[in-house]
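Shown next, in structure tokens, is the structure this report addresses.
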Amino acid sequence: AQKITQTQPGMFVQEKEAVTLDCTYDTSDPSYGLFWYKQPSSGEMIFLIYQGSYDQQNATEGRYSLNFQKARKSANLVISASQLGDSAMYFCAMRVSGTYKYIFGTGTRLKVLA
Amino acid sequence: SAVISQKPSRDICQRGTSLTIQCQVDSQVTMMFWYRQQPGQSLTLIATANQGSEATYESGFVIDKFPISRPNLTFSTLTVSNMSPEDSSIYLCSVELGQRDYGYTFGSGTRLTVV
């Protein structure tokens with residue numbers, strides 16, 4: 001069965017520092033997509049970054065980068081130069097192969113300290 | 001990517017009543033998805049709504065409790081029926097548009113509290 005695991009329920013980081021949020025996944029399908037979403041306290045879900053299983057390079061989107069280690073089945077999110085507005089829940093998700101369904105991890109609550 | 005208008009943004013409801021949540025998309029989409037996020041939990045897919053056909057429900061969710069309408073390619077509603085406090089959650093609609101690597105676009109969510 002496909003599964004996403006986020007082992008860090010909460011993280012703290014100082015403003016302007018970098019932080020890594022962990023995500024491991026399990027699937028037997030060779031083709032899959034991995035996503036990170038941010039959920040502020042308002043409840044909306046904001047797409048951050050995508051990594052395809054066949055992508056040769058790690059995805060980057062501004063201050064967000066994805067450390068993709070396929071052999072380890074990990075897709076960690078790195079946020080550089082943290083800002084106070086980065087305080088939120090972060091969810092890792094995987095697209096279920098052959099469908100439009102996504103499996104979400106349990107999330108990591110990030111708090112950026114001034 | 002799409003813009004989704006979801007309403008209401010929040011509501012407090014009495015147990016035993018029903019609430020209908022609306023999602024309007026600014027583009028035509030084949031499938032719309034409804035998710036539930038219980039307090040402190042991750043997102044769980046309730047159902048997939050296709051225009052012109054019955055919604056497809058995930059295990060643990062039934063049409064009598066969560067009826068869904070999909071009258072056209074830009075609009076869908078989810079009703080939470082005969083509510084109990086256990087239904088207190090954030091409900092989110094979502095669509096997938098454009099290239100696969102854009103992922104879902106979500107509505108702003110409906111924060112429901114049942115008292």
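Remember, predicted model here, so these are calculated numbers, not experimental data. Protein chains get the first letters and strands the later ones, always in sequence-line order, with residue 1 at the start of each.
- The local environment of CZ in B/Arg15 is sparse, with at most 12 non-hydrogen atoms from other residues, nucleotides or ligands closer than 6.0 Å.
- Aromatic ring centroids of A/Tyr102 and B/Tyr35 lie 6.0 Å or more apart.
- There is no path of hydrophobic side-chain contacts, each under 4.5 Å, that joins A/Val112 to A/Val78.
- For B/Gln6, no part lies under 4.5 angstrom from a heavy atom of chain A.
- Looking only at side-chain heavy atoms (C-beta outward), B/Leu92 and A/Met45 come within less than 4.5 Å of each other.
- No chain of hydrophobic side-chain contacts below 4.5 Å, direct or via other Ile, Leu, Val, Met, Phe, Trp or Tyr residues, connects A/Phe68 to A/Tyr54.
- The distance from the OG atom of B/Ser94 to the CZ atom of A/Phe47 is 13.5 Å, given to the nearest 0.5 Å.
- Note: A/Glu44 CD to B/Ile4 CD1 = 11.5 Å, rounded to the nearest 0.5 Å.
- A 6.0 Å sphere centred on CD1 of B/Ile12 holds no more than 12 heavy atoms belonging to other residues, nucleotides or ligands.
- The neighbour count for B/Lys7 NZ, taken as heavy atoms of other residues, nucleotides or ligands under 6.0 Å away, does not exceed 12.
- The minimum heavy-atom distance linking B/Gln41 with A/Phe91 is given by the pair O-CZ, 4.1 Å.
- A/Ile103 and A/Leu21 fall within a single hydrophobic cluster, where Ile, Leu, Val, Met, Phe, Trp and Tyr are joined by side-chain heavy atoms under 4.5 Å apart, directly or via other members.
- Neither the backbone nor the side chain of A/Gln51 comes within contact range of chain B; no heavy atom of the residue lies under 4.5 Å from a heavy atom of that chain.
- What you find for B/Tyr104 and A/Lys101 is that their closest heavy atoms are OH-CA, 3.9 Å.
- Per-residue counts of heavy-atom pairs under 4.5 Å with chain A were compared for B/Ser108, B/Ser9, B/Gly109, B/Gly107; the largest is that of B/Ser108.
- Under the 3.5 Å distance criterion, the side-chain polar atoms of B/Ser42 are matched with a main-chain donor or acceptor of A/Gly105.
- The hydrophobic clustering, which links ILVMFWY residues whose side-chain heavy atoms are closer than 4.5 Å, places B/Val3 and B/Ile21 apart.
- The distance from atom CZ of B/Arg10 to atom OG of A/Ser42, rounded to the nearest 0.5 Å, is 9.5 Å.
- The contact between B/Leu43 and chain A is made by backbone and side chain atoms together, counting heavy-atom distances below 4.5 Å.
- Under a cut-off of 6.0 angstrom, the local environment of CD in B/Glu54 is sparse, with at most 12 non-hydrogen atoms contributed by other residues, nucleotides or ligands.
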